[in-house]
Amino acid sequence: MRILLINPPRFEGIPVIREERCEITERYSILEPYSLLQIGALLKGQGHQVDLIDLNGFDLPWEDLETRLRQLKPEAVLFRFTPTTFDHDMRTSSITKRVLPEAKTIGVCWTLRTLARDVMSQAPDLDLYVRQEYEVVVPDLVNALQEGRGMSSVPGIAYRSGKEVAVNEDARPLEDYDSLPIPAFDLLPSLEPYFVTAPAGRPYTILYTSKGCPFKCSFCTVAGTKWRPKSAEKTMEELLYLKGRYGIRTVSFFDETFTLDKKRVLRLCDALISEKLDIRWYCNTRAHLVDLDLLKRMRQAGCRGISYGIESGSQSILDHADKCVTVEQASNAIAWARQARIKTFASFIMGLPGETWGTVDDTISFVKRTMPNSAEFNVAVPYPGTKLYEMVYGENGAGAVDFRKLYQDDAVVGTEALSPADLNKARDMAYRSLYFNPRWWFRNIGHVLSEPEDLDLATRYATKALRNYLVYRMKHAH
Ligand code: SF4
């Protein structure tokens with residue numbers, strides 16, 4: 001089949017991340033559409049003709065989609081969409097239907113997977129919704145379309161059957177991450193536009209070395225999914241390819257819990273050091289899955305930043321959220337990273353169940369005490385399919401909230417003690433506690449003096465932080 005993969009344009013001029021658990025607007029990051037590149041490689045491997053247009057990355061308008069549709073005449077288009085940019089992203093399917101009425105329109109979104117009927121009923125030009133892991137579902141779906149097989153034979157999708165919406169059984173999860181081909185980066189004209197947080201250290205890419213997270217944090221859309229790693233060898237194969245072809249300098253390992261298997265990380269570090277790959281890399285993990293020795297080895301292998309989901313400085317909030325981490329572990333993780341000369345990015349959530357002004361103070365005190373190099377403060381979002389969603393709306397909460405309003409910077413629900421407006425205020429207070437704190441600035445200036453290679457990044461980052469706060473009031477940004 002001829003397939004066109006589409007990353008829709010920016011939303012009101014603001015870049016959008018459409019990746020796994022991260023389906024959000026983000027003013028200061030432009031990421032490769034990694035999942036579309038992965039889909040591209042899988043479909044090409046099956047003999048399909050695949051093209052891709054990254055309207056978001058290259059800041060292109062809808063007109064360019066129309067032009068490409070007329071040129072390429074795909075039999076199917078596939079795009080990712082997010083809850084808050086839903087109507088905007090769905091223009092992809094309405095434009096396709098206007099230009100090529102026979103082409104199938106396929107949408108992929110993880111966050112709304114439990115609301116498949118709502119998705120289909122609110123997107124009349126969408127033919128098919130991939131609601132589970134695209135690595136397994138999309139190849140089967142496209143083969144079924146080519147073979148003229150009925151859509152009822154494809155697990156993990158929703159589709160239209162006459163006037164009804166049919167939601168098929170769940171697809172089996174991806175089993176072997178190593179079995180996937182290297183994502184088809186060659187579908188992109190270049191890696192030039194991409195960066196995270198600040199445009200320094202390019203060429204840059206995101207990359208997954210594992211998928212899923214077995215922990216059960218109540219607010220998280222990937223909680224309780226099986227962790228499936230790529231081996232160190234497979235990860236190196238991808239990195240060597242990126243170095244050889246693009247001269248890649250910076251990589252964000254976008255996995256939820258990069259250090260879940262310490263031995264795997266150490267093997268990867270050994271390989272990075274012995275190959276002298278000379279890339280700077282960043283990763284996300286949980287605070288209790290690091291120790292000083294591991295962090296020192298990671299630093300030797302090029303790690304320059306680590307992002308911890310700390311969530312709260314209050315133990316009772318963490319316990320209520322099933323975080324299974326202690327405040328002390330979080331504090332140690334930040335201190336050890338500093339000792340290992342790895343920058344720390346800590347993320348927090350205001351408004352988890354039980355939040356009061358007292359626990360907000362605990363979080364702000366934690367930040368002032370531990371002084372991560374950077375922090376992001378979000379408000380709690382009751383994402384469909386999470387335990388938090390059930391707690392807020394009950395088990396049958398479908399339709400209880402307009403998913404277009406699920407922003408991490410504007411609360412839609414409060415707690416018993418705090419209203420949504422209070423939580424927005426708490427978020428603002430937390431940012432002020434950092435950005436107007438001389439100790440934080442001195443510490444970061446001290447860091448740059450000891451790491452001159454970070455000067456460009458730090459300067460851009462500082463400008464971003466101030467603009468973010470003073471101009472944009474932290475909307476669509478962290
Ligand atoms: S540790 Fe918790 S928040 Fe992080 S990915 Fe796993 S379940 Fe989600």
Side-chain angles (χ1 to χ4, degrees), residues 17 19-24 26 31 34-35 82-83 109-114 132-133 173-174 177 206-230 252-262 264-265 282-291 294 305-334 337 344-355 363 366 372 375-392 406 408 478:
I17 300 176
E19 286 296 322
E20 317 303 274
R21 72 194 185 287
C22 206
E23 293 182 317
I24 55 168
E26 168 55 68
L31 306 187
Y34 190 89
S35 51
T82 86
C109 172
W110 176 254
T111 309
L112 297 178
R113 69 204 173 284
T114 59
Q132 290 187 303
E133 292 181 350
L174 173 70
Y177 211 174
I206 63 166
L207 194 159
Y208 287 89
T209 79
S210 67
K211 187 174 175 82
C213 179
F215 295 95
K216 299 206 169 144
C217 307
S218 65
F219 51 85
C220 178
T221 60
V222 294
T225 50
K226 191 176 171 198
W227 186 71
R228 286 137 299 166
K230 276 181 194 165
S252 290
F253 294 130
F254 227 54
D255 321 23
E256 287 82 9
T257 43
F258 178 73
T259 60
L260 190 71
D261 178 352
K262 184 175 165 183
R264 184 189 77 117
V265 176
Y282 296 79
C283 63
N284 308 305
T285 198
R286 288 169 59 89
H288 77 297
L289 292 175
V290 293
D291 57 53
L294 177 67
I306 191 162
S307 176
Y308 298 123
I310 308 273
E311 326 306 0
S312 176
S314 156
Q315 192 60 52
S316 74
I317 296 291
L318 293 178
D319 293 345
H320 268 101
D322 300 328
K323 187 71 197 177
C324 297
V325 170
T326 65
V327 173
E328 190 188 355
Q329 285 170 324
S331 178
N332 287 340
I334 292 172
T344 47
F345 305 90
S347 59
F348 299 89
I349 300 175
M350 301 289 180
L352 290 169
E355 191 88 278
T363 297
F366 176 90
E376 83 179 47
F377 302 95
N378 296 311
V379 292
V381 180
Y383 284 119
T386 62
K387 189 171 164 196
L388 181 63
Y389 184 85
E390 275 180 29
M391 289 162 83
V392 173
L406 297 180
Q408 295 177 352
H478 303 290

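Both ligands and their constituent atoms are indexed starting at 1 by order of listing. All values reported here derive from a predicted model rather than from experimental measurement.
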Open item on the list: Between Glu376 and Ser347, do the side chains contain a donor N or O and an acceptor N or O under 3.5 Å apart?
Closed with: no
Task: Nearest protein heavy atom with distance in Å, relative to atom 1 (S) of ligand 1 - done: Arg286 NH1, 3.1 Å
Task: Nearest-0.5 Å distance that lies between atom CD1 in Ile349 and atom SG in Cys220 - done: 8.5 Å
TODO: Would you check if the side chain of Thr257 reaches a backbone N or O of Leu260 as a donor-acceptor pair within less than 3.5 Å?
DONE: no
- [ ] Tell me which protein heavy atom sits closest to atom 4 (Fe) of ligand 1, plus the residue, atom name and distance to 0.1 Å.
- [x] Lys323 NZ, 4.3 Å
- [ ] For the residue pair Phe215 and His288, categorise the inter-ring angle as parallel (less than 30°), tilted (30 to 60°) or perpendicular (more than 60°).
- [x] perpendicular
Task: Every N, O or S from the protein that is nearer than 2.8 Å to atom 8 (Fe) of ligand 1 - done: Cys220 SG
TODO: State the CD1-OG1 distance between Ile24 and Thr111, to the nearest 0.5 angstrom.
DONE: 10.0 Å
Task: salt bridge (charged side-chain N to carboxylate O under 4.0 Å, His left out) assessment of Lys226 paired with Glu133 - done: CA-CA 12 Å; Lys226 191 176 171 198; Glu133 292 181 350; over 6 Å; no
Open item on the list: Could you check, using the six-membered ring where one of them is a Trp, whether Tyr34 and Tyr208 have ring centers closer than 6.0 angstrom?
Closed with: yes
